Every structure is written in structure tokens, then in C-alpha cells.
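Contents: one structure, followed by commentary.
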Amino acid sequence: MPVARPEPLASRVIAHVDMDCFYVQVEQRKRPELKGVPTAVVQYNSWKGGALIAVSYEARKFGVQRSMRGDEAKKVCPDIQLVQVPVARGKADLNLYRDAGSEVVSLLATKGRCERASIDEVYLDLTGAAEQMLSATPPDTLEEIDEEALKSHVLGLPNDPCSQGEYVKQWLCRSDADHQDKLLACGVIIVAQLRMDVLKKTSFTCSAGIAHNKMLAKLASGMHKPAQQTVVPSSSVTELLASLPINKMKQLGGKLGSSLQRDLGVTTVGNLLDFTEEKLQEYYGRNTGTWLWNIARGISGDEVEGRLLPKSHGCGKTFPGQQALRTLTSVKPWLNGLCEELSERIQSDLEKNKRVAHTLILHAEGFKVCEVPTNRKFPSKSCPLRYGTAKIQEDAWKLFESGLREFLDLQSNEWGITSLTVSASKILPVPAVSLLI
DNA sequence: CATTTTGACGCT
DNA sequence: AGCGTCAAA
């Protein structure tokens with residue numbers, strides 16, 4: 001459940017940068033002939049043409065959506081180019097996209113604290129950079145403002161397409177603006193420059209949101225895509241949230257959001273204003289209640305963490321339908337393959353980033369053929385992580401066997417495994433001195 | 001038992 | 001330690 005954090009005392013400038021249909025762009029950079037044509041990236045393709053995980057904007061015009069099957073996409077968009085995710089050891093291999101994501105993070109981490117939020121998203125705390133710009137070269141003194149910054153969307157401004165650029169220029173350069181808005185204006189210019197730099201150096205476009213906190217920045221980055229940016233002045237927040245469907249807010253797209261709608265009749269984020277903090281706490285607990293009360297007002301104290309690398313590595317594969325693994329002999333090679341990939345990834349993390357993983361975790365899902373139907377799930381198991389592919393394979397196999405015994409509970413001899421995942425967590429930097437010894 | 005493969009974080 | 005929720009390609 002979400003937890004409320006105290007708001008920093010001073011106003012911050014926060015950006016959320018989100019790559020546009022990222023996997024598609026990565027494939028289009030590799031194969032330039034795909035640029036500008038309807039394209040999607042699919043995982044596997046033998047079952048109904050594979051599952052779409054990224055869709056280009058050209059393809060979206062035809063109604064192609066993520067989660068569609070390749071065959072289905074071909075029906076609504078016969079000319080669509082379906083590019084397959086690379087496969088290694090019989091499973092999808094996402095390393096190409098991880099590496100492309102790292103390229104982007106390196107460029108975005110140069111202007112302030114940067115948090116890698118996912119393979120293709122970051123949060124930036126640009127407060128310092130914005131303050132510095134405001135004191136040295138405030139926007140109203142600039143002779144020329146980047147065209148990219150002028151193309152920004154400013155929430156709350158009249159959206160007359162003819163004079164949009166003029167309004168934006170006026171907003172950016174208003175010398176009578178309050179300090180908060182001036183800082184945001186600086187953020188807009190910095191983010192425009194960062195996005196241009198990313199495009200120039202990687203050929204990837206991205207969209208961005210600029211606001212006073214992470215929640216609003218994230219909301220804004222999704223409002224105008226692809227390749228655009230949106231700023232959220234404080235004065236626009238009440239109206240924005242008043243009509244924002246509750247499930248569009250981060251963290252409220254699932255069960256909590258549905259429960260707000262079902263149990264309290266809350267349809268929009270603004271509707272939350274009808275409830276006292278105490279009432280929300282009564283329903284959802286102290287932490288979540290306060291968090292809800294705050295987001296209704298556009299308040300979110302979440303800090304941008306300075307973290308450019310993932311906190312864990314995982315490798316998994318599902319075995320749906322007839323593919324379920326029904327014998328120890330069939331599980332073993334798959335588990336070994338997953339461990340091999342994991343071993344390579346943590347070894348590379350050690351060499352590139354001087355970090356060591358300390359815990360190995362095995363997750364599985366399965367079913368058993370049983371007289372009395374049971375709800376028991378396959379239990380997750382963990383142990384200290386020892387480096388070396390063979391050791392990881394050995395340890396993961398022990399974890400699997402112990403999980404399977406618990407799962408079967410002496411109830412059944414007939415079973416199937418439908419998903420296997422190994423992951424490495426508790427990743428810590430190796431102290432610099434210990435590298436010398 | 002056909003989206004799949006990730007990854008972060010909160011609760012107990 | 002292990003489970004559940006949420007999100008995005």
C-alpha cells in the first residue's frame with residue numbers, strides 16, 4: 001500500500017522522462033527501414049503470432065494495442081512489421097533494451113539527481129539546476145528560447161493551437177510570475193535541452209512531465225505523447241485533479257482504485273476532497289489514508305532517489321497450457337538455463353558496476369492434479385547467493401526441490417510447473433578497497 | 001493451464 | 001523471509 005511521505009519544505013522542480021514505445025524505437029534504430037512504418041515488438045511468435053509488448057504510434061492509429069496477439073494485430077493493420085524480441089536459451093532476452101535504457105540514463109543523469117524508475121523511465125530532481133538558471137540566466141532575459149521548449153504544453157493555459165507558441169513563450173518569460181512558476185519555467189527549458197540531447201546522441205525520442213513533485217510529473221509525462229513535454233503549474237492542479245479518473249493516478253490503477261470507486265463512490269481524484277483524512281484512514285489505514293488525502297491536493301513528498309542501476313535482476317519464463325513442465329527431468333534444463341542467464345547478468349553487474357548480489361530467490365507457479373482441490377501456491381524460497389553458474393544452478397535446484405515438496409504436501413504425484421523465475425537481490429557496492437585485495 | 005518478462009515496494 | 005500489489009516494455 002502507498003505511504004505518505006513528508007513534503008520537502010522548499011519547492012522542488014521534478015521531471016519524469018518516459019521513452020516513447022521504447023522497444024520499438026530500439027528495434028527501429030537497429031533497422032532504420034522500419035522508421036515511420038507501423039511496427040510492434042512481439043515476444044515469441046508460434047502461439048497466435050506472439051504477444052505484443054510495444055507498439056509504434058503509426059500502428060496505434062490502426063487500433064493496434066499492447067497485449068494483442070501478432071495475428072490479431074495483422075488483422076487490423078495488415079502492413080504492420082512485427083519484430084521479435086531476441087531469444088536466448090529458449091527464452092526472451094531483454095538485454096538489448098536494458099543496454100539501450102542505460103544509454104539514456106547516462107545522458108539524463110547529468111543535470112541533477114536521477115532515479116532509474118524502470119527500463120525506460122527516469123525521475124529527475126532539477127531543483128538545483130533550475131535555481132542556478134534562474135539566478136544566472138532567467139528565461140525572461142534570454143534572447144532566444146529553444147523551439148523544443150516553446151512546443152511545451154502548459155496546463156491551464158488557453159489551448160489555442162494558432163497562438164500556442166506565443167502563449168508558451170509568454171508563460172516561460174513572464175517576469176511577474178511567482179518564484180515557483182519561474183523555477184518550473186527553468187525546468188521546462190532544461191528538460192527540453194535534455195530531450196534534444198537524448199535524441200541527438202541515441203536517436204530516441206521521449207516525452208516528459210515537469211512539476212513540483214513526482215506524482216504530477218509522472219501524470220504530465222503521459223499527457224502528450226510521443227516526443228512532447230508538459231508542465232504543471234501549481235495553479236492548474238485543482239482543475240487537473242478534479243476531472244482525473246481515479247484509476248489514472250499512479251498506484252490507483254488496481255484494487256485500491258477499484259475499492260475507492262466501489263466503496264466510496266470516488267470517480268475522480270478530486271472526489272477524494274469530499275472525505276476527511278480521518279475517514280480515509282478509517283477505510284484504508286493510517287498510511288494509505290493520509291497518502292490519499294494528500295494526492296487529492298496534489299501533494300506528494302516522495303523524493304527522487306539517486307539511483308541509476310536496478311536493485312535486483314530476475315530471469316523468468318512461463319510454461320502455459322500444454323507446455324507445463326510435469327517432471328523433474330523437464331524442469332531441470334529450464335531452471336539451469338535461467339540460472340545461466342542470471343549468472344551472466346550478475347557477473348556483468350560486478351564487472352561494470354562493482355556490485356555484488358547477496359540473495360538468490362526462486363519463484364515458481366504450478367498446479368497439482370488432486371482429489372480435493374487446494375489453494376496452496378508454490379512457495380518462494382531464498383538462500384545466500386554464491387557466484388558461479390554451477391553453484392547458482394545447484395542452489396536454485398535445492399530451492400526448487402524444497403518448494404515442490406512443500407507445494408505437493410504429500411497430496412499428489414501429478415503436477416505441473418507453469419512458471420519459473422530466479423532472481424538476485426540485496427545488491428550492494430563492493431567497497432573500493434576490497435577490490436584491491 | 002495462453003500475454004510475458006520484468007522490476008519496485010509495502011505488509012506481516 | 002515470504003507474500004501481495006502495482007506498473008510498464
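All values reported here derive from a predicted model rather than from experimental measurement. To find a chain, count down the sequence lines: A is the first, B the second, and so on, and within it residues start at 1.
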**OP:** Determine which pairs satisfy ring-ring contact (aromatic ring centres under 6.0 Å, His included) with at least one residue from residues 51-83 of chain A, sequence neighbours left out, and list them in order.
**Re:** none
Subject >> By ring pair (Phe, Tyr, Trp, His ring centres under 6.0 Å) - contacts of A:Trp293 (at least two apart) >> reply: none
**OP:** Can you sort out which residues in residues 284-312 of chain A have a heavy atom within less than 4.0 Å of DNA chain B? Ascending by number, please.
**Re:** A:Asn287, A:Arg307, A:Pro310, A:Lys311, A:Ser312
Show the atom names and distances, to 0.1 Å, of all donor-acceptor pairs under 3.5 Å that link a side chain in residues 361-373 of chain A to residues at least two apart or in another chain.
from     : atom 1 : to       : atom 2 : distance (Å)
A:His363 : ND1    : A:Ser380 : OG     : 2.7
A:Lys368 : NZ     : A:Phe407 : O      : 2.4

**OP:** Could you tell me whether the side chain of A:Leu335 reaches within less than 4.5 Å of the side chain of A:Val422, counting heavy atoms only?
**Re:** yes
Show me the donor-acceptor pairs, under 3.5 Å and distance only, between side chains in residues 240-253 of chain A and residues at least two apart or in other chains.
none

**OP:** Could you list the residues that satisfy salt bridge (charged side-chain N to carboxylate O under 4.0 Å, His left out) with A:Glu239, not counting sequence neighbours?
**Re:** none
Subject >> Selection: residues 316-331 of chain A, any non-hydrogen atom under 4.0 Å of DNA chain B >> reply: A:Gly316, A:Lys317, A:Thr318, A:Pro320, A:Gly321, A:Gln323
Original post:
Under 6.0 Å between the ring centres of A:Phe204 and A:Phe22?
Top reply: yes
**OP:** Would you grab the first and last nucleotide of DNA chain B (5' to 3') that comes under 4.0 Å of any non-hydrogen atom in chain A?
**Re:** B:dC1 to B:dC11
Original post:
Got a sec, which residues hit side-chain contact (heavy atoms from CB on, under 4.5 Å) with A:Thr267, two or more places apart in sequence or on another chain?
Top reply: A:Asn271
**OP:** State which residues pass ring pair (Phe, Tyr, Trp, His ring centres under 6.0 Å) with A:Phe275; sequence neighbours excluded, sorted by chain then number.
**Re:** none
Original post:
A:Leu385 has an atom CG; how far is it from atom P of C:dA1, in whole Å?
Top reply: 13 Å
Original post:
Within 45° of the six-membered ring axis of A:Phe319 and under 6.0 Å from that ring's centre, is NZ or CZ of A:Lys317 located there?
Top reply: yes
Original post:
Do A:Glu401 and A:Arg405 sit within salt-bridge range, that is, some charged N less than 4.0 Å from a carboxylate O?
Top reply: no
Original post:
In the 5'-to-3' direction, what one-character label does each nucleotide of nucleotides 4-9 of chain C receive under the scheme B = base within less than 4.0 Å of a protein heavy atom, S = sugar-phosphate only, - = no such atom?
Top reply: -SSSSB
Subject >> Pairwise 5' ranking along DNA chain B for A:Trp47 and A:Gly314, keeping only the more 5' one >> reply: A:Trp47
Original post:
Roughly how many Å is it from NE2 in A:His363 to P in C:dA1, rounded to a whole number?
Top reply: 12 Å
Original post:
Is the shortest side-chain N to carboxylate O distance from A:Arg89 to A:Glu344 below 4.0 Å?
Top reply: yes
**OP:** Using a heavy-atom cut-off of under 4.0 Å over every strand shown, decide if A:Pro379 touches base, sugar-phosphate, or nothing.
**Re:** sugar-phosphate
Return all side-chain donor-acceptor pairs below 3.5 angstrom for residues 305-314 of chain A, not counting sequence neighbours, or 'none' if the list is empty.
from     : atom 1 : to       : atom 2 : distance (Å)
A:Arg307 : NH1    : A:Leu309 : O      : 2.7
A:Arg307 : NH2    : A:Arg116 : O      : 3.1
A:His313 : NE2    : A:Asp349 : OD2    : 2.6

